[in-house]
Amino acid sequence: MKVTYAWLKEYTPLAAPADLAKQLTLAGLEVEAVTPVAPPFSGVVVGAVLESGPHPDAQKLSLCQVTTDGSNRLQIICGAKNVRAGLKVAVAMVGAHLPDDMIIKRAKLRGLESNGMLCSARELGLGDEYDGIMELPESLPLNRDLREALDLDDVTLEVNATPNRGDCMSVFGIARDYAAAQERRYLTARVDPVAARGTAAFPVTLDAPAACPVFASRVIRGVKTGAPSPAWLRERLRRVGINSISPIVDVTNYVMMDLGQPMHAYDLARLDEGIRVRMAKPGERLTLLDDKEYPLDPDFLVIADARGAIGLAGVMGGRGTAIADTTTDVLLEAAHFAPEAIAGRARRLGLFTDAAQRFERGVDPTLPQVAIERATALLVDIVGGEPGPVQVTRAAVDRTAGAAEWVSLRRTRLARLLGVSVPDAEVHAVLAAVSGRVETTPDGWRVLKPPHRFDIRIEEDLIEEVARLRGFDSIAESHAVAPQVAGEATESRVTNDRLLTAMADRGYREVITYSFVDPALQQQLFPDTPSLRLANPISADLADMRVSLWIGLLQACRENLRRQQTRVRLFEIGKKFQLHGAERDGALEEIETLAAIATGARWPEQWGSAREALDFYDVKADVQGVLALTGDASSVRFEADTLSCLRPGRSARIYRGSTAVGWLGELHPQVVKAINLPTTVFLLELEIETAFISKALQYKGISKFPSVRRDLAIVIDESVPLAVLQENVTVSASGLLSELRVFDVYRGPGIESGRKSVALGLILQDSSRTLTDVDADAVVTAVMARLRDELSATIRDQ
């Protein structure tokens, strides 16, 4: 969120902006940027329009007489529609330097001289308004430099509060935390009450007391219509990134930014009978302020009247009761909604609002009445009106007003976790700056949990506060003392580190992708596989748990191809989430997986050979290479199989023995087209637990006797896979086969249709003697006999 230096300074003395940013960051509130509230300009002063009349030769121009000190008169020609006598304006004098390197000079417009310029907010870089010139407050003195008059040398700090620090989502919250860290002072929000001048009230009923235990409201009748927000309010909101809408809406936004309490204002004339805070009814729908209609689930908390839902509690108000230009009677709302009643609801509808962001993290339950008083004072001052009494409706059992909750801190535990001894007086001072009540106990302290600190629950939370507010940099560096425990190494399986190295050695690059994936993309790849839908997703395109690592790899590959990377090889080791049974009630299994994707050329670009496209067998070789690390490559086999996202005829199931351990194949052309991939890709997936069980190492001597080679060219059916051929050759070779090489596959003239010729190199070797030609011929004869009987193989004659 954004806050301004001047706004913060209204609550507590501050260091210089650069030092302030550093101090806040060290205290855990990261300042991501410090930016000026206005661009550089000079030579602009406060002036007043004395006379304004039409230009004699231009209908759209006005001829103005302007003074900047009460005694001089400057003739300035202006094209703004809102220029008029008596208006305080921003006057750029001759020689003034404006943003975008504009220098103001004397000029003639349609024959008349203009000595300066009356500036709009847009021309000074103070907003997007360009329909008219800036209308300055009457209280500003003439001839005062505009930067000084409007405090334009202020800076905006962009502060990133962590998710557990909802109390720092406001100017006051940040000032309170800063005062605790730098001054050891506990700030409290003090607001003077506004006396009721009428008796008007509006009935409120809490039907969901656990979700909404406190609802403060106030009726204000007779507000002025058509009045603009004052310049100071519009400018203050602009500096923190909020556009001005109307005085009533601007005031509610201002109070939210100031105190951290989201508010809402209703047009009282549009409300029917009374307010009810309840859960949404089945099938209920609601049109919100963004003019979109949303279906509501039964776990949505709504604000309703007699006609139905009029607002989504803690998220956004409804269009039907919104403040309009003609609104004269207003109902202000400031409620406390439990974080668990609001969390995730906005994101489920694709919304992101300031109110939801605060209520999800937790808002001080004591703030609603304070916020109502602050908003009332501002509204009455700006648009008048007759306020009724503040009406605070509480649940019969209000958890926020229950027994005091104390958290204890032991002196010994503090020293043990921080590694340093902190003086008791300093600890007490820090804790007193966190809470209004701190008591000393024999073994330490006990702290009354402040209502705004939802993150303080246990002793360790207080230890964190002591370390944070003292400054982590004040804790001296020391060596940790801990027993050294030898790590474990196993030979029963291939380690992940070894797999990472092996994949990198084969030219793949490791990526890490989200476990949350796009449901639409996952459905395209795995239409028949159930997946776990997140109840509270980060965004709509990260709403499902992945059933395969291929989803993230495909997205990463696509982005690389879009950035002119023509040869992509990526891999990841991570978990996929397999759901067995119904989406909510089924068992969820987490399976650690090695997955990879490859596309492009077989080899990196080089001069030694022509470019060759990657194919199925290149990726199959990669699979065989990593599985060979198990020492049991002979147990690996590939069987043709089909998967919805893989191309039929170019996909295979991977087995170790009789256990299926993964998939390999080319992405289906329809999927390639659907996800806008410019080229086809190949995918592999191996389940680590079953695929990488290592074979026990056994010593095997190297034979000192020479090997013998015999080559065979056999003709077999096209459907016979290499694995079956290898198995039959190995069985029939009687233990003399040390290696089997496939060096040619031929289809064409001389070979029957539906058959193929495979050339085999049999490397024969014995560990106890030199093999003779008779031995080698006997092996070849046995091999051919088995292949003829089992596979209907014949010897190729030509």
Self-check item: salt_bridge(D711, R709) N-O dist < 4.0 Å
Solution: yes
Exercise. Could you tell me the separation between the NZ atom of K575 and the CE atom of M545, rounded to the nearest 0.5 Å?
Key: 10.0 Å
Quiz item: Less than 4.0 Å between a side-chain N and a carboxylate O, is that true for R653 and E639?
Solution: no
Quiz item: How long is the span from the OG atom in S707 to the CD1 atom in I763, to the nearest 0.5 Å?
Solution: 6.0 Å
Exercise. For residues S732 and V729, report the shortest heavy-atom separation together with the two atoms involved.
Key: OG-O, 3.1 Å
Quiz item: Is it true that a side-chain atom of D632 and a backbone atom of A628 form a donor plus acceptor pair closer than 3.5 Å?
Solution: no
Quiz item: Could D299 and R348 be called an ion pair, given the rule that one side-chain N must be under 4.0 Å from one carboxylate O?
Solution: yes
Quiz item: Once you round to the nearest 0.5 Å, how far does CZ of R468 lie from CD of E464?
Solution: 7.0 Å
Self-check item: Under-4.0 Å salt bridge between D615 and R650
Solution: no
Practice problem: For E340 and R345, run salt bridge (Lys or Arg N to Asp or Glu O under 4.0 Å): C-alpha distance rounded to whole Å, both residues' side-chain angles, the deciding distance at 0.1 Å, then the answer. | Solution: CA-CA 10 Å; E340 57 271 19; R345 276 47 168 200; over 6 Å; no
Quiz prompt | SG on C168 to CG on L29, rounded to 0.5 Å | solution = 4.5 Å
Quiz item: To the nearest 0.5 Å, how far apart are CZ in R567 and CD in Q565?
Solution: 11.5 Å
Quiz prompt | Salt-bridge present (D717, K756; N to O < 4.0 Å) | solution = no
Quiz item: Is any side-chain heavy atom of L554 closer than 4.5 Å to a side-chain heavy atom of L677?
Solution: yes
Practice problem: Measure the spacing between CD of Q765 and CG of L771 and express it to the nearest 0.5 Å. | Solution: 8.0 Å
Exercise. Spell out, as yes or no, whether a donor-acceptor pair under 3.5 Å connects the side chain of S651 to the backbone of L646.
Key: no
Self-check item: Note: E605-R611 ion pair, threshold 4.0 Å (strictly below)
Solution: no
Self-check item: Between S694 and R493, a side-chain donor and acceptor under 3.5 Å
Solution: no
Quiz item: Any salt bridge between E360 and R347, counting N to O under 4.0 Å?
Solution: yes
Quiz item: Distance under 6.0 Å and angle within 45° of the ring axis: does R755 meet both against Y746?
Solution: no
Exercise. Could you tell me whether E592 atom CD has more than 12 heavy atoms of other residues or ligands within 6.0 Å of it?
Key: yes
Quiz item: Taking C-beta and beyond as the side chain, do R656 and S635 meet within less than 4.5 Å on heavy atoms?
Solution: yes
Quiz item: Can a donor-acceptor pair be found between the side chains of T495 and D497 at a distance below 3.5 Å?
Solution: no
Quiz item: Do T25 and E30 get their side chains close enough for a donor-acceptor pair, meaning under 3.5 Å?
Solution: no
Quiz item: Which class fits the ring pair F571 and Y508: parallel under 30°, tilted 30 to 60°, perpendicular over 60°?
Solution: perpendicular
Quiz item: Looking only at side chains, do S768 and D766 share a donor and an acceptor under 3.5 Å apart?
Solution: yes
Quiz item: Under 3.5 Å, is there a donor-acceptor pair between the side chain of R506 and the main chain of A502?
Solution: no
Quiz item: Is there side-chain contact between L570 and N560, with heavy atoms separated by less than 4.5 Å?
Solution: yes
Just list the side-chain donor-acceptor pairs under 3.5 Å for residues 682-692, sequence neighbours left out, or say none.
| unit_1 | atom_1 | unit_2 | atom_2 | d |
| --- | --- | --- | --- | --- |
| E685 | OE1 | K576 | NZ | 3.0 |
| E685 | OE2 | S548 | OG | 3.0 |
| E687 | OE2 | K576 | NZ | 3.4 |
| T690 | OG1 | E687 | O | 3.4 |

